[in-house]
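As structure tokens, the structure follows; a few thoughts come after it.
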Amino acid sequence: STESGAVCKGAPGRVVPVIDRRRCEAKAACVAVCPYGVFEIRSLAPADRAALPVLGRLKAWAHGNRQAYVVRPADCRSCGLCIQACPEDAIRLVVAPSG
């Protein structure tokens, strides 16, 4: 949307969103709010699921073993709309690795 695009004035690729797998419940608020299509809800990767503690695996199962994934990290403009929208506080922005 034009309105949220105006808020996202950061240069793309300076920061990347990171999803906390222990918190994400695949509610897709990040997908809905991001004007640059950085997020996607998809099936939890086996390695990500295996890395979760037992309660985390149960929580993931309860939510269909689906979570948000950052599919276009280089398009992030560091506006933070996703952080504000996430009801589980499962997203943080970190400085993108250089190189």
Side-chain angles (χ1 to χ4, degrees):
S1 82
T2 310
E3 183 181 314
S4 41
V7 173
C8 300
K9 294 179 180 177
R14 287 199 179 150
V15 300
V16 293
V18 175
I19 308 290
D20 183 339
R21 299 269 157 240
R22 295 165 299 157
R23 291 180 171 267
C24 181
E25 294 182 359
K27 291 185 177 159
C30 55
V31 175
V33 76
C34 180
Y36 298 100
V38 171
F39 302 94
E40 185 176 282
I41 301 297
R42 50 170 70 166
S43 293
L44 193 58
D48 290 336
R49 187 178 177 280
L52 288 171
V54 173
L55 289 177
R57 287 195 296 270
L58 287 171
K59 182 177 177 179
W61 175 81
H63 293 283
N65 281 316
R66 296 175 59 78
Q67 286 192 348
Y69 277 85
V70 177
V71 292
R72 283 180 277 288
D75 290 346
C76 179
R77 305 286 173 99
S78 65
C79 62
L81 292 173
C82 56
I83 293 170
Q84 295 168 20
C86 181
E88 282 80 41
D89 193 26
I91 304 170
R92 61 189 170 91
L93 297 178
V94 299
V95 175
S98 57

Neighbour count above 12 (heavy atom, 6.0 Å) for R22 CZ: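 Incorrect, the count does not exceed 12.
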Just wondering, more than 12 heavy atoms not from R21 lying within 6.0 Å of its CZ?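 Count over threshold, so yes.
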Any side-chain heavy-atom pair of [X] and [Y] under 4.5 Å:
X: I91; Y: I19; value: yes
X: L93; Y: C76; value: yes
X: F39; Y: V71; value: no

Can you see which heavy atom on [X] is nearest to which on [Y], and at what distance?
X: R66; Y: I41; answer: NH2-O, 3.3 Å
X: A96; Y: G13; answer: CB-O, 3.1 Å
X: G10; Y: S78; answer: CA-OG, 4.0 Å
X: C8; Y: L81; answer: SG-CD1, 3.9 Å
X: A90; Y: C24; answer: CB-N, 3.8 Å
X: S43; Y: Y69; answer: O-CE1, 3.8 Å

Treating [X] as the side-chain partner and [Y] as the backbone partner, does any N or O pair qualify as donor plus acceptor under 3.5 Å?
X: R57; Y: L52; answer: yes
X: Q67; Y: A60; answer: no
X: R49; Y: L44; answer: no

State yes or no: do V16 and Y36 share one hydrophobic cluster built from I, L, V, M, F, W and Y residues joined by side-chain heavy-atom distances below 4.5 Å, directly or via other members?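 They do not share one cluster, since no chain of ILVMFWY contacts under 4.5 Å joins V16 to Y36.
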What distance separates E40 CD from C30 SG, expressed to the nearest 0.5 Å?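 Here the rounded value is 10.5 Å.
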Listed partners of R77 passing salt bridge (Lys or Arg N to Asp or Glu O under 4.0 Å), at least two apart: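 Testing R77 for salt bridge (Lys or Arg N to Asp or Glu O under 4.0 Å), a comparison that skips the adjacent residues, returns none.
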Residues in side chain to side chain donor-acceptor pair (under 3.5 Å) with K59, at least two apart?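 Counting only residues at least two positions away or on another chain, K59 forms a side chain to side chain donor-acceptor pair (under 3.5 Å) with E25.
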